[in-house]
Amino acid sequence: MKHHHLYTAIMLIFVGSPTTLVWAEIEDSDHSNILPTIYLKAGQDASAYTVKKSKSATKLDLSLKETPQSVTVFTAQQIEDQNLTSTNDVLAQTAGVTMVQYGQVGAGYNTYYSRGFAITSVQRDGMPTTTASFGGSDMFGIEDSAIYDRIEVTKGSTGLTSGSGNPSASINYVRKRPTADLQGSVNVQAGNWGKYRSQIDVSGGLNQDNSIRGRTVAVYEQGGSQQDRYHRQNAVIYGALDFDLTDKTTLTTALTAQQVKIDGATAHGFPFITHDGKEQVTFGRDDNPAANFTFSDTEKVSIFLGLEHQFNDNWQAIANYVFTKANNKREYGVAGSGGITYDQPYVSEWQGQIDFALEPGEMVVTSGRFESSPDVHSLDIYASGKFQALGHEHSASFGLNGYSIQSDDPAYGRYYVAVPIAGWNGNVARPDIKVTGRTIVDEQQLGAFVAAKLQLLDPLKLVVGGRLSNWERKVTKNEQKQNGVFTPYAGLIFDITEDLSAYTSYTTIFNPSSRKDVNGDYLDPEDGNSFEVGLKAAFYDGRLNASAAYFSMQQDNYAVADGKNLTPEGGQAYIGVDGAEVKGYELSIGGEILPNWNVQGGYTHTDAKDQTGNTLNSILPEDTFKLFTTYKWEQLTVGGGINWQSEIYDSASAKAGGLAAKLNRQESYYLVNLMGRYQVTNDMAFGVNVNNLFDKEYKANAVNTWGTARSVTASLNFKF
């Protein structure tokens, strides 16, 4: 009897990815049995924490290694792992982005900075728009992340595709698209401070050949915060339909509606020191300065229409349009921010008139009302593709895009009343808030651009382009206009090896200012240039990306606070200065390091100086470090992260010295976050997220707002 001996060899080979495995059984010695090679995919999605390509910087479909700027991507997987339920949560975790918070999110003033400047450039599906489409710059962070497939942050200037803006960063919000296959998820959460959230996401084909596809996302959440008397409700509905008109043409549509209602929240926190600079304020991070009548209500509706046509395998054209109607109404009554004193009388004056006078043991409640109801239209039409020339393949894109904003809203007066410090519980009468005028805004921008990636040599690529922009803004009786502004763009990429490249890029900026001088006139536009050089690496077929960059920017007409004067409307007056310079470096990584091990993070150092060599903005840290990582082992996924930043301080308090210099400062600190998820069945998982694990007390800005205390959220997720 002939015996057959089967010799089996198992080979686990990385083939372009740490998660792509090859299992091969080799034939036996007498070749009588030949078994097939089987390819297996292990672990979670290999691209979970990165993407292979992005159009955000140039409209060219470039890999991250070919993009001559730093790019950070938050995918849906990372958003789920970290339980980042709002765009504010995502930006707070983005390496190289710093959030400065005054008051509570959604009722106060939140500004996001990168490379020393405020982020003012935003895109929706690559379409340049404005923060007004989010309900205003203060409402930028309240949009729910459930409707987005990913969020891409391109660092530096993106004037080629966005036109006007700071050389800080551009944020591209890429919405979820319908899928042909039926898929869905249901997520319910509960956390401390009475927080509850439910979310459903269903997608699939709607006819037999899947030429019509639909997707629906719905969210409802409510709860409080660490501060007493605060309550927030958030409701979102998102629907999208894609229609294949032909085998090469697709009509895309979407509708988003969101309502956020916040009670017991206001624009500032309690100050850390009395206004005479002599005593520390006794209120802590759990105390709410909001009067009981305060609220912030935001409603937004966005309608999206798009047409995508594939001419051939190389060229396509895309036309997108979005209309957004936002409506934000806020009534604020903030205790202590305008004045608080324990032992000495305090009097506030402006232009020789007394606003209010406080006796010892009193503080002022500053009240008013704000309304904003912008209509925002955004348009983006472009073509992109590949072509052959001189023995190499090149790519190009060209088109036009822009936006317009119209609003007509009432303006209201400001009111002051003195109340006792002791026993503060928000009980103060609402003043009779009267209309004092109107604020009429008419702003629009339109630009044409062209960009190309030219393969000069096998290892050398040139990305080059330019944009012509027209911009104008009318605010009540003030008018600004910029016509024919040219923004050049150039980048070189040299492939050192298959995985490693060196790059450099240069572009200019123009940023119309919304700051006013002592006469009430807008400052001249900020202008300057932006330069970047660095190294980029892409491993495992782009499933892991890393970069190291040095950046340098010069800016003229930079707006700085006057420090002595106010505008005729009573706001802070500003002056424009030349010679502002920002330079620094950053290291970043994102993707899958090994099978089942994902990471996202980076370190950024920013040295920003004014024309005299002094710190440009002391409320921003010079150094930040953010890192988050997860590892999956069978049914269990565990993860954790750390956010660290160097000290910040209020420059005026630092000059005054004494107790003010000590209290209006936040020393360097770190926050630790953890997550865990257990896959109970193939469809159901249970998870826990803990933010600020060690309950660190820290200041969200240098003068009047505390950061968020420890929070714990448990979630149950069902996918099908």
* Quick one: do N427 and N425 satisfy side-chain hydrogen bond (donor to acceptor under 3.5 Å, both in side chains)? Show the steps, please. => CA-CA 6 Å; N427 286 330; N425 59 5; 3.2 Å; yes
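- The shortest side-chain heavy-atom distance between T294 and D263 does not fall under the 4.5 Å cut-off.
- The closest donor-acceptor contact from the side chain of T604 to the backbone of V97 lies at 3.5 Å or more, if one exists at all.
- Under the salt bridge (Lys or Arg N to Asp or Glu O under 4.0 Å) criterion, R285 pairs with D695, E697, sequence neighbours left out.
- Ring pair H268/Y102 is perpendicular by interplanar angle, where above 60° counts as perpendicular and below 30° as parallel.
- Checked by atom type, the side-chain pair S86/N88 shows no donor-acceptor distance below 3.5 Å.
- Looking only at side-chain heavy atoms (C-beta outward), P360 and D343 stay at 4.5 Å or farther from each other.
- Between the S646 side chain and the D623 main chain, a donor and an acceptor come within less than 3.5 Å of each other.
- N614 places no side-chain N or O within 3.5 Å of a backbone atom of D610 that could act as its donor or acceptor partner.
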* **Audit row: V347, I354, side-chain contact (heavy atoms from CB on, under 4.5 Å) steps and yes/no** => CA-CA 7 Å; V347 177; I354 295 178; 3.9 Å; yes
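- With hydrogens and angles disregarded, a donor-acceptor distance shorter than 3.5 Å links the side chain of Q480 to the backbone of S513.
- The CZ atom of F272 lies 12.0 Å from the CD1 atom of I340; values are rounded to the nearest 0.5 Å.
- Looking at Q104 and I262, their side chains never come closer than 4.5 Å, going by heavy atoms from C-beta outward.
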* **Step-by-step side-chain hydrogen bond (donor to acceptor under 3.5 Å, both in side chains) determination, Y342 to T282** => CA-CA 10 Å; Y342 289 94; T282 56; 2.9 Å; yes
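- R232 has a carboxylate O that lies under 4.0 Å from a charged side-chain N of E221, or vice versa, which qualifies the two as a salt bridge.
- Taking the charged nitrogens against the carboxylate oxygens, D650 and K699 have no contact shorter than 4.0 Å, which rules out a salt bridge.
- In this structure, a donor-acceptor pair under 3.5 Å is absent between the side chains of Q611 and Y558.
- I509 has its side chain within reach of Q555: a pair of non-hydrogen atoms, C-beta onward, lies under 4.5 Å apart.
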* Output, in order, the C-alpha distance, side-chain angles, deciding distance and verdict of side-chain contact (heavy atoms from CB on, under 4.5 Å) for V122 and F134. => CA-CA 10 Å; V122 290; F134 293 81; 4.1 Å; yes
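- Summarising the geometry, atom CD belonging to Q258 is positioned 5.5 Å from atom CD1 belonging to I142; distances are rounded to the nearest 0.5 Å.
- Side-chain polar atoms of T129 and S378 form a donor-acceptor pair below 3.5 angstrom.
- For the 3.5 Å distance criterion, the side chains of Y522 and E479 fail to qualify, holding no donor opposite an acceptor.
- A pairwise comparison of heavy atoms in A326 and A132 identifies CB-O, 4.1 Å as the closest pair.
- The NZ atom of K329 sits 11.5 Å away from atom OG of S372, with the distance rounded to the nearest 0.5 Å.
- With rounding to the nearest 0.5 angstrom, the CD1 atom of I619 is 7.5 Å from the CG atom of N701.
- Residues N192 and S711 have side chains that never bring a donor and an acceptor to within less than 3.5 angstrom of each other.
- Contact detail for A411 and T439: the closest heavy-atom pair is CB-OG1, 4.1 Å.
- Using the six-membered ring where Trp is involved, Y173 and Y148 have ring planes that are tilted, between 30° and 60° apart.
- Annotation: side chain of L255 is in contact with side chain of V301 (closest heavy-atom distance under 4.5 Å).
- Side chain of R115 to main chain of P167: no donor-acceptor pair is present (N/O by atom type, distance under 3.5 Å, no hydrogens or angles).
- The structure places CZ of R473 at 11.0 Å from CD of Q445, a figure rounded to the nearest 0.5 Å.
- The salt bridge (Lys or Arg N to Asp or Glu O under 4.0 Å) test applied to E143 returns R124, K300, not counting sequence neighbours.
- K434 has a carboxylate O that lies under 4.0 Å from a charged side-chain N of D432, or vice versa, which qualifies the two as a salt bridge.
- Using a 30° and 60° split on the angle between ring planes, H377 and F323 fall in the tilted class, from 30° to 60°.
- At least one donor-acceptor pair closer than 3.5 Å links the side chain of S296 to the backbone N or O of G106.
- Aromatic ring orientation, F283 versus F270: parallel (interplanar angle below 30°, classes split at 30° and 60°).
- T708 places none of its side-chain heavy atoms less than 4.5 Å from the side chain of N691.
- For K474, the NZ atom is loosely surrounded, since the number of other residues' heavy atoms within 6.0 Å does not exceed 12.
- Classification of R330 and D138 as a salt-bridged pair holds, one side-chain N sitting under 4.0 Å from a carboxylate O.
- Counting only heavy atoms from C-beta outward, the side chains of Q222 and H231 approach each other to under 4.5 Å.
- The one candidate from D409, D408, N327 that meets the side-chain hydrogen bond (donor to acceptor under 3.5 Å, both in side chains) condition with S373 is D409.
- Between E331 and R369 there is a salt bridge, since a side-chain N of the basic residue sits under 4.0 Å from a carboxylate O of the acidic one.
- Nearest heavy-atom pair across T158 and S170 is OG1-CB, 3.1 Å.
- Under the 4.5 Å side-chain criterion, counting only non-hydrogen atoms from C-beta, D517 is in contact with L523.
- For the atom pair CD of Q226 and CG of D286, the computed distance is 6.0 Å after rounding to the nearest 0.5 Å.
- Contact record, S168 with T120: OG-N, 4.3 Å, taken as the closest heavy-atom pair.
- Using modelled atom types, one finds no donor on one side chain facing an acceptor on the other under 3.5 Å when comparing E667 with Y669.
- In terms of heavy atoms, S337 sits closest to G269 at CB-O, 4.4 Å.
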* Verdict with reasoning, S469 to Q482, per side-chain contact (heavy atoms from CB on, under 4.5 Å) -> CA-CA 8 Å; S469 301; Q482 297 288 318; over 6 Å; no
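- M553 and S530 make their closest contact through CG-OG, 3.5 Å (heavy atoms, listed as atom of the first residue, atom of the second, distance).
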* Start with the C-alpha distance between N664 and N704, add both sets of side-chain angles, then the distance that settles side-chain contact (heavy atoms from CB on, under 4.5 Å), and finish with yes or no. => CA-CA 8 Å; N664 287 339; N704 66 19; over 6 Å; no
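- Remark: the T274 side chain and the Y346 side chain contain no N/O donor-acceptor pair separated by less than 3.5 Å.
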